[in-house]
Number of protein chains: 2
Amino acid sequence: MNDSVLTPERILAAAEDVLRRYGPGKATVVDVAQALGVSHGSVYRHFASKAALRDAVLRGWLARSMAPLQAIATSRTPPPARLRQWFSALRQTKRDNVLGDPELFATYSALAAEAGEAIAEHKGRMQQQIASILAAGVASGDFRQLDPAAAARALFDATARFHYPGFSHLWDQPGEDAAFSQLLDLLLAGLAPAPAAPRRRKPAR
Amino acid sequence: MNDSVLTPERILAAAEDVLRRYGPGKATVVDVAQALGVSHGSVYRHFASKAALRDAVLRGWLARSMAPLQAIATSRTPPPARLRQWFSALRQTKRDNVLGDPELFATYSALAAEAGEAIAEHKGRMQQQIASILAAGVASGDFRQLDPAAAARALFDATARFHYPGFSHLWDQPGEDAAFSQLLDLLLAGLAPAPAAPRRRKPAR
DNA sequence: TGAATGACAAATTTCAATATCTGTCATTCA
DNA sequence: TGAATGACAGATATTGAAATTTGTCATTCA
């Protein structure tokens, strides 16, 4: 049961395991301490509260889930295709999690619901990745002149329907792929360099 | 207490009142019957179940909330401005409901959560309104050639962040207005007629 | 005769007693 | 001496017995 000294890392690993096995509603810090073969008081020497422990576990998960997206964001793919790839990967990751292991995903969601801070930071990092793709596209002339940060937020918002877990109940319905693809088409069209001049058939009155 | 004959309409009105006063968790069909001065068995002569009654109340609310949007959708405003107006009104309606009377909104949400059918139909009607604006814009040359139904869905999805009640916790944060405006700009840009030809600075390799 | 009633069974909710958990801290241990 | 313990108070969760609610239907009423 016990192994060398008690570190935050070991506690974190045990907490993750307990959370996975018992679910967010049943996992107690006594369980975590038991898994480590120590008293629950010892856990409180390293984490100020149960909430802090859960927060730390969540941050770990978020960091791991973000890595593949980071790779896409910094790839050499032409910006429009890269942007499409990035959003597709974001959507696919969430989808796989929800549909593949719903219990684990429910656990993640329960933690996320309490950790506004961690989630806000995570969203910020996601939007930075999008902004970096946009900046590259503006530089290459693939995208029109725009504020990368503001446009990144708009894109992130616009696709929320396909990556925000609150909508996961829709993700296995027919037509989802097509709808997502349609949306990306529309958004990419909106990012394309502006045409010469808008032509109106009816004169403005 | 009692008044002429018992009709579905009178039951519906009483149910709405009871729901408003007691909330969705406390309102019972006995309460509704009591408000009408009849036995609860009589209510079941007109509605097959409590769920059916709640569903009918929800449909009434949805129909009423939809009316102002319908007016915008069929107005003579040029399609791009009309579309912007329509989405702004949609957002504003939801926002006013949530922020103005949170309890009533919670009631509405509780009913909506159980009535998948009614909600799906409502979403369909909303998208038809959007599609009608798009069709007008295609005809006038304000929008590029596109499938109104598919694009309507994409627009509805893209703006979900600003009208889907699951996001209502974000609606009173600073920067929301700007973010919404940004998103509409991007979407309208995506609907605009296509430019002559895309110019790339880097040649494709 | 057709609408309304109210007694009833089954399902669901409430509520209070009981048990468990979180977080602290004086004490022990190595 | 600094990490670990475990007893403890207050907060939170569980449980199951009692009460309420839903939905039915044989009977009553106008």
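Per chain, numbering begins at 1; letters A, B, ... match sequence-line order.
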Look at the side chain of [X] and decide which nucleotide, out of [options], has an atom nearest to it.
{"X": "Val38(B)", "options": "dT5(C), dT22(C), dT22(D)", "value": "dT5(C)"}
{"X": "Ser39(A)", "options": "dT5(D), dC21(C), dG23(D)", "value": "dT5(D)"}
{"X": "Arg45(A)", "options": "dA3(D), dT22(C), dA4(C)", "value": "dA3(D)"}
{"X": "Tyr44(A)", "options": "dT22(D), dT5(D), dT24(C)", "value": "dT24(C)"}
{"X": "Leu6(B)", "options": "dT22(D), dA4(C), dT22(C)", "value": "dA4(C)"}

Identified pairing partner of [N], criterion: Watson-Crick or G-U wobble below 3.5 Å:
{"N": "dT20(C)", "answer": "dA11(D)"}
{"N": "dT14(C)", "answer": "dA17(D)"}
{"N": "dT28(D)", "answer": "dA3(C)"}

- request: Establish, with yes or no, whether the OP1 or OP2 oxygen of dA4(D) is under 4.0 angstrom from a side-chain nitrogen or oxygen of Ser42(A).
  value: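 Checking Ser42(A) against dA4(D): no side-chain N or O falls below 4.0 Å of OP1 or OP2.
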
message: At less than 4.0 Å, is any side-chain N or O atom of Lys26(A) found next to OP1 or OP2 of dA13(D)? Yes or no.
response: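 Checking Lys26(A) against dA13(D): no side-chain N or O falls below 4.0 Å of OP1 or OP2.
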
- prompt: Taking the side chain from Arg82(B) and the backbone from Ser75(B), do they hold a donor-acceptor pair closer than 3.5 Å?
  reply: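 Such a contact is found between Arg82(B) side chain and Ser75(B) backbone.
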
- request: Without swapping roles, check the side chain of Ser168(A) against the backbone of Tyr164(A) for a donor-acceptor pair under 3.5 Å.
  value: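 The answer is no, because no donor-acceptor pair under 3.5 Å joins these two groups.
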
Report the distance from atom [atom1] of [X] to atom [atom2] of [N], rounded to the nearest whole Å.
{"X": "Lys50(A)", "N": "dT24(C)", "atom1": "NZ", "atom2": "C1'", "value": "17 Å"}
{"X": "Glu114(B)", "N": "dT22(D)", "atom1": "CD", "atom2": "P", "value": "12 Å"}
{"X": "Gln34(B)", "N": "dT22(D)", "atom1": "CD", "atom2": "P", "value": "12 Å"}
{"X": "Arg54(A)", "N": "dG23(C)", "atom1": "CZ", "atom2": "C1'", "value": "15 Å"}
{"X": "Tyr22(B)", "N": "dT13(C)", "atom1": "OH", "atom2": "C1'", "value": "17 Å"}
{"X": "Asp31(A)", "N": "dG23(C)", "atom1": "CG", "atom2": "C1'", "value": "16 Å"}
{"X": "Arg10(B)", "N": "dA3(C)", "atom1": "CZ", "atom2": "P", "value": "15 Å"}
{"X": "Leu53(A)", "N": "dC21(C)", "atom1": "CG", "atom2": "C1'", "value": "14 Å"}

message: Any donor-acceptor pair, under 3.5 Å, between the side chain of His40(B) and the base of dG6(C), if you only look at N and O atoms?
response: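 There is none.
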
- prompt: Want to settle it: does Gly41(B) or Gly41(A) sit nearer the 5' end of DNA chain D, counting the closest nucleotide to each?
  reply: Gly41(A)

- request: Tell me, yes or no, whether the heavy-atom count around Arg64(B) atom CZ, taken from other residues, nucleotides or ligands under 6.0 Å, exceeds 12.
  value: yes

State plainly whether the residues [X] and [Y] are in salt-bridge range, i.e. N to O under 4.0 Å.
{"X": "Asp177(B)", "Y": "Arg91(B)", "answer": "yes"}
{"X": "Lys50(A)", "Y": "Asp55(A)", "answer": "no"}
{"X": "Glu103(A)", "Y": "Arg20(A)", "answer": "no"}

- request: Pick base, sugar-phosphate or nothing for Val29(A), based on heavy-atom distances below 4.0 Å to the nucleic acid.
  value: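 Contact class for Val29(A): sugar-phosphate only.
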
